[in-house]
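Read through the structure below, which is laid out as structure tokens, and then see the notes.
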2 protein chains.
Amino acid sequence: MMPYSKRITIGDVAAVAKVSPTAVSFAFNKPDQLGIDTVNRIRQVAADLGYMPSPVARALISKRVGSIGLLTPQPLSTVLANTYFLTFLQGMSSMCDEQEFGLLALSPIDGSLDRVFSRSSVDGFVISGFDEDHREVLPLKKRRIPFVVVDGAASSVSSVNVDDEAGAYASAHHMLSNGHRDILILMIEGAFGHHDEGGHGVGRRRLAGYHKAFVEHGADWRDEWVLPAASSRSGGEREFNVALAQGMRPTAVLCAADATAVGVITAAHQHGLSVPRDVEIIGFDDSIESNLVRPALSTVHQPIFEKGRSAVRLLTRHIDGDERAEHIVMETRLLLRDTTRTRAG
Amino acid sequence: MMPYSKRITIGDVAAVAKVSPTAVSFAFNKPDQLGIDTVNRIRQVAADLGYMPSPVARALISKRVGSIGLLTPQPLSTVLANTYFLTFLQGMSSMCDEQEFGLLALSPIDGSLDRVFSRSSVDGFVISGFDEDHREVLPLKKRRIPFVVVDGAASSVSSVNVDDEAGAYASAHHMLSNGHRDILILMIEGAFGHHDEGGHGVGRRRLAGYHKAFVEHGADWRDEWVLPAASSRSGGEREFNVALAQGMRPTAVLCAADATAVGVITAAHQHGLSVPRDVEIIGFDDSIESNLVRPALSTVHQPIFEKGRSAVRLLTRHIDGDERAEHIVMETRLLLRDTTRTRAG
DNA sequence: TTGAAAGCGCTAACAC
DNA sequence: GTGTTAGCGCTTTCAA
């Protein structure tokens, strides 16, 4: 309970070196304010004593902690089960490295963000999957703590989004153009559900994209053919089985997440269905596993890494006092690999 | 540059609510010390003003920041390219969630850890890939900042390791038992290189395991057949190609990392070699991609997730003042999937 | 070139 | 039940 009990402070160093605390501070921060010999002596004493300035005390004065927080709707351990976040974190950390910021990954406490805000020493937050106006996020706005939103709606703070609707549209369009009409749609649920109430979630946008394609093709949109599925391999397997059990015989499957699609491939094989001959599948995200699984998954590419980088860049700008909000919307791209038969749109 | 300029402090709330700062503090931390009506009034004022206690000021007093740091030899963005770390992070964060700690991922600054220590507000560090006595880590010991070591040697602080040698031995033994003698060994290099000088790195331990099996089988150990490879898909492809170009015709490949092995599968296919018929391959880690790639990779399982969990648990114990060091060594297990021909050892 | 004093925002004794 | 005071470890005017 007293790990720091013996922690050496600036005063200890000052005493031993027979100088004032000020001098010790200078020795570390503004060496040119001191005689070269004094500096060396102080540094030596500090090294001997194992002294290091306290980051916390420094932060109290400078109002800078040197790290930014990442907040997700679900606990970190849950969220990390999806490789999407691996790539996103990579992007964030590559920019964090450049800007010399640490990256603090935070989980909601008791399902809520509120306590997290007051417990976390960071200079700002990247918030994934919430809209700016979400109730949970309000305290940040009031407190004027810098934050940016990823995969969520925002106006007064910066945001990074992807044109989910266009991506989903493209994949549905592809299936419909190839004559499919019995299309199973596996939506996002749970782990990657969007926690807003306003209708801006990525899930909704992707759904809208699918729907739009159906309308344009004059195809029947059947709500029973739209199933929520956990964004995981097992979620995909489960829901595909459910669909078959309910008597559906899809010739094509559209998945709002790659992880789900990977599960569908597995399940299809277990049912003796050949992919893509009997069932064509298109996922979403272009996550790592989509290119590892066999057959390689056709999917909608989104620039995950860049989203992470941009989010951090926008945030550090806000932290530096720039209040202008910038809203980035990145493009998606239909990527036809081996779970679809033709390369034509 | 002044994001917090207008930040409401405890004093502001006190003034508006016409109470003392102490009362405000109590309203948040020890509500039972105050009249219920006072508490409510203060809370109301605080909410109106958008007040939230400053985590930094709190930390200065409590000597607790509520987060732990993860330190890796390479920049975070590099390290995250390997799914090993995804799983490790998952394990860490699952324990962090339980203990209500945040997880601060840190990159070396200018290739050194020293500046990171003094810039990062954390209660302790999990250090991956360094020995306790590594020069870079010394400042922590002097400063008596709690830390634990993962995949590195330690005595006075806790550590988490895996029996790398036994795992490597098992995989080499398998190959040798099946009659292979032309065995290419692709070691760890770069991103996952071990940054100690003393000879304790996981790479060395795995190499020792391979070597031991060769000795026991009376097989020729040829140093030219041991190549360092980046722990990445491309690293595996490259080095396998190099080996072929140098005239080697391996019938088996032992990889000290799964990512490398995945690359070898790809390269082998490109050379018209069938896996496992022409070349048998065994990786190391049982990382996510090993079970996704086709043919599914035979590998040495190590409990990555548990390593992460244990590291955090040991660390929080140290943080709570328990100075006893505990050294955990976890078991590995040979996992024969489809890049090897037989299931017999 | 160096030191004394004030204060960052908060909490914790100790009074009232 | 509520306020006063001191101080966490450091930086930073301002004087000397």
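The figures here come from the full heavy-atom set of this structure, side chains too, leaving out hydrogens, waters and symmetry mates.
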I want to verify a distance call: between [options], whose nearest atom is closest to the [X] side chain?
X	options	value
A/Asn29	C/dC10, C/dT11, D/dT11	D/dT11
B/Ile61	C/dG3, D/dT2, D/dG7	D/dG7
B/Thr38	C/dA4, D/dG1, C/dC10	D/dG1
B/Ala57	D/dC8, C/dG9, C/dT11	C/dG9
B/Val19	D/dG9, C/dT11, D/dG3	D/dG3
A/Ile10	D/dC10, D/dG9, C/dC10	D/dC10

Worksheet, complete the sentence: The residue, B/Leu60 or B/Ala23, whose nearest nucleotide of DNA chain D is more 5′ is B/Ala23

Worksheet item: Do A/Gln44 and A/Asp48 have side-chain atoms, one donor and one acceptor, less than 3.5 Å apart?
Response: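 Looking only at side-chain atoms, A/Asp48 and A/Gln44 do form a donor-acceptor pair, the distance falling under 3.5 Å.
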
Worksheet item: Name the one of B/Arg317, B/His318, B/Glu132, B/Arg313 that satisfies side-chain hydrogen bond (donor to acceptor under 3.5 Å, both in side chains) with B/Ser158?
Response: B/His318

Spacing between [X] atom [atom1] and [N] atom [atom2], to the nearest angstrom:
X	N	atom1	atom2	result
B/Phe26	C/dG9	CZ	C1'	16 Å
B/Phe28	C/dC10	CZ	C1'	12 Å
A/Gln33	D/dC14	CD	P	14 Å
A/Asn40	C/dT2	CG	P	12 Å
A/Asp12	D/dC8	CG	C1'	13 Å
A/Ile42	D/dC10	CD1	C1'	15 Å
B/Arg119	D/dG9	CZ	P	22 Å
B/Leu34	C/dT11	CG	C1'	14 Å

Item to complete: Please examine the side chains of A/Leu113 and A/His134, heavy atoms only from C-beta on, and report whether any two atoms are closer than 4.5 Å.
Response: no

Worksheet item: With a 4.5 Å limit on heavy-atom distance, are the side chains of B/His327 and B/Asn161 in contact?
Response: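 Not touching, per the 4.5 Å side-chain cut-off.
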
Is the shortest side-chain N/O distance from [X] to OP1 or OP2 of [N] below 4.0 Å?
X	N	value
B/Arg58	C/dT11	yes
B/Thr9	C/dG9	no
B/Lys30	C/dA12	yes
B/Ser20	D/dG3	yes

Practice prompt. Would you mind classifying the nucleic acid contact of A/Tyr51 as base, sugar-phosphate or nothing, using non-hydrogen atoms under 4.0 angstrom?
Written response: sugar-phosphate

Item to complete: Heavy atoms only: give me the nearest B/Arg43-B/Ala27 pair and the separation to one decimal.
Response: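 What the structure gives for the nearest pair is NH2-O, 3.1 Å.
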
Worksheet item: What are the two closest non-hydrogen atoms of A/Arg7 and A/Pro55, and how far apart are they?
Response: NH2-CD, 3.8 Å

Item to complete: Confirm from the modelled atom types if A/Thr22 and D/dT12 form a donor-acceptor pair under 3.5 Å, side chain to base only.
Response: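 It does, because a donor-acceptor pair links the side chain of A/Thr22 to the base of D/dT12 below 3.5 Å.
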
Fill in: Residue mapping more 5' on DNA chain C - nearest nucleotide basis, A/Asp32 or A/Pro21
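Its nearest nucleotide being more 5', the pick is A/Asp32.
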
